Every structure is written in structure tokens, then in C-alpha cells.
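Below you'll find the structure, written out as C-alpha cells, and then a few comments.
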Amino acid sequence: DSGVTQTPKHLITATGQRVTLRCSPRSGDLSVYWYQQSLDQGLQFLIQYYNGEERAKGNILERFSAQQFPDLHSELNLSSLELGDSALYFCASSVEQAAGNTIYFGEGSWLTVV
Amino acid sequence: GDSVTQMEGPVTLSEEAFLTINCTYTATGYPSLFWYVQYPGEGLQLLLKATKADDKGSNKGFEATYRKETTSFHLEKGSVQVSDSAVYFCALSKAGTALIFGKGTTLSVSS
């Protein structure tokens, strides 16, 4: 158990809908990262937050947004869903942003868009 | 930009065989290097890491050495087990940046 908790574990929704994925980082971790894992694209970095502020953006679509709340949990919002958004979405956390710090991953949220 | 390249899989081995999974990177500055493992149906777990040149990371019989001169971080294990069957990801990070992953290498070990 990494200490990073993601909900829901599985989600099936229709095209055009909106979903919210939730992440609780490890106790004491200030950085939260979101990744998307799909068969064709591999592991893609989406966005990073540090202590409530956005710190880095990766390949995140405009239809996707995220935030980190004062209690440090984070939510990833996916809207106007398309079939191609079906993927495993990982949240990860680390204490801070130093390069050598270990980043711990949750078990992921499986999103299926039908 | 920074990137990580891993050998294409799948890698299929018999139990007790020697394992090498090649990983090379392209990065400016001084990245830290990582190997993560993803067992079937699970999330990613850190396997080992190295934060500077010539460091050797090791865990559970796996080893990798940070070679700056060849920009490599190859994963090795002397004797694999069936329980090592998983997907292995090489990754790098620099201060203030998220992990950049390779595409992953699937390892299948048969008894």
C-alpha cells in the first residue's frame, strides 16, 4: 500500500459526460501528480500541483482540469468525454519537488467511456 | 525535451534466467533515474532509484547503475522468478518536474 488513495477504482460512463476522479496523497506529501495510462500512449503526465498551486502541465487536454484543495487532496475533472479518453488514470504524490524524491502512485482509476 | 527510451518487449524468460532491460535517457542537467514496476492489475511501485552518476540502485535482487557517460540505467537481475512477471518502466526526473517514463517493457517468466 503506497498510501495514495484514489476513488473510484472503476467508472463506466457515456460519451459527452463529465466525471471527477479523486485523490488523497500520502500523509505529509505536498506534491500531487496526475498521469494517464493507455495502451497506445503509455504513461502520460497530465498535471502537477504543489501545496495547492499548479506547478507543471503536461499533455493535458483543455477538456480536462484539476485542482488541489487546502487539505491537499486533488480532483481531476474530465468533461465532454470521448471514447479515446478510456484509460487508467493515476494519481501520485511526493513530499516535495526535489529530483531524487520518490513519487508514490495510487492504484489508479479505470475509466471506460462507452 | 527530456525523454526515456526502453527496449521493446515483451521479454520472455525461463525461471532462474538472467535479466537485462535496457534503458537510455536524454536530458539536460542532472536527472535522477528510477525503475518502477507494475504487476498485473496494480499501480506502479518504485523498484529502485539512483540520484547521481555512478550510483547503483538495488532492491529485491534487481540492480541498475546510473551511467552518465552512456546515458543509461539498465535493469538487471541474476535469477528471475515467475513472480517477477510484470511491466517495468524506466523514468527520470529533475528538480521541480514530474517523472518522465519510458514506454514500459513487459517481462514474462515461465517455470
Side-chain angles (χ1 to χ4, degrees), chain A residues 1-7 9-10 21 23 25-26 29-51 53-60 66 74 87-110, chain B residues 1-10 23 25 27-59 64 66 68 73 86-106:
Chain A
D1 182 4
S2 67
V4 179
T5 303
Q6 291 187 244
T7 57
K9 292 196 184 311
H10 299 275
L21 309 180
C23 170
R26 291 189 333 141
D29 284 0
L30 299 179
S31 270
V32 169
Y33 311 78
W34 286 98
Y35 284 82
Q36 179 193 59
Q37 185 179 33
S38 59
L39 283 175
D40 54 344
Q41 295 292 325
L43 269 164
Q44 297 286 314
F45 167 63
L46 297 179
I47 198 163
Q48 177 199 357
Y49 281 82
Y50 179 77
N51 203 21
E53 294 186 4
E54 181 185 304
R55 282 302 174 95
K57 264 187 175 179
N59 300 320
I60 189 166
S74 178
L88 181 57
Y89 291 84
F90 283 113
C91 174
S93 72
S94 65
V95 173
E96 48 185 67
Q97 301 179 90
N101 281 324
T102 299
I103 298 177
Y104 295 89
F105 283 76
E107 294 189 352
S109 293
W110 276 102
Chain B
D2 298 342
S3 65
V4 174
T5 302
Q6 293 181 233
M7 60 187 290
E8 296 284 330
C23 170
Y25 68 91
T28 57
Y30 303 95
S32 292
L33 302 175
F34 303 80
W35 278 100
Y36 279 81
V37 58
Q38 184 177 26
Y39 297 103
E42 298 184 12
L44 291 108
Q45 303 173 24
L46 176 67
L47 183 58
L48 53 84
K49 70 178 183 182
T51 58
K52 61 182 187 296
D54 299 325
D55 269 1
K56 177 185 282 188
S58 61
N59 186 26
Y66 188 161
K68 192 166 179 64
F73 193 54
V87 182
Y88 292 82
F89 292 92
C90 185
L92 70 83
S93 77
K94 298 188 297 191
T97 69
L99 282 166
I100 296 171
F101 286 92
K103 291 187 179 296
T105 303
T106 299

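Chain letters run A, B, ... following the sequence lines, proteins first and then strands; every chain starts at 1. Being a predicted model, the structure only gives us computed values, none of them experimental.
Neither the backbone nor the side chain of A:I47 comes within contact range of chain B, judged by heavy atoms closer than 4.5 Å. In this structure, the portions of B:L99 lying under 4.5 Å from any heavy atom of chain A include both its backbone and its side chain. At a 4.5 Å heavy-atom cutoff, B:Q45 makes no contact with chain A through either its backbone or its side chain. If you measure heavy-atom distances from A:Q44 to chain B, you find no contacts under 4.5 Å at all.
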Verify side chain to side chain contact (heavy atoms under 4.5 Å, CB included) between A:I103 and B:Y36, making sure each step is shown before the conclusion. CA-CA 10 Å; A:I103 298 177; B:Y36 279 81; 3.7 Å; yes
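Contact check for B:F89 versus A:Q37: side-chain heavy atoms found under the 4.5 Å cut-off. In this structure, the side chains of A:L88 and B:Q38 come closer than 4.5 Å at one or more pairs of heavy atoms.
In A:K57, the NZ atom is not crowded: 12 or fewer heavy atoms of neighbouring residues, nucleotides or ligands sit closer than 6.0 Å. The local environment of CD in A:E54 is crowded, with over 12 non-hydrogen atoms from other residues, nucleotides or ligands closer than 6.0 Å.
Within the model, atoms OH of A:Y35 and CG of B:L44 stand 9.5 Å from one another, a figure rounded to the nearest 0.5 Å. The CZ atom of A:F45 lies 11.5 Å from the OG atom of B:S93; values are rounded to the nearest 0.5 Å.
For chain A, the option among B:K103, B:K49, B:K52 with the highest count of heavy-atom pairs below 4.5 Å is B:K49. Note on B:A91, B:G43, B:A50: by heavy-atom pairs under 4.5 Å with chain A, the leading option is B:G43. Residue with the most contacts toward chain B among A:W110, A:F105, A:F90: A:F105 (heavy-atom pairs, distance under 4.5 Å).
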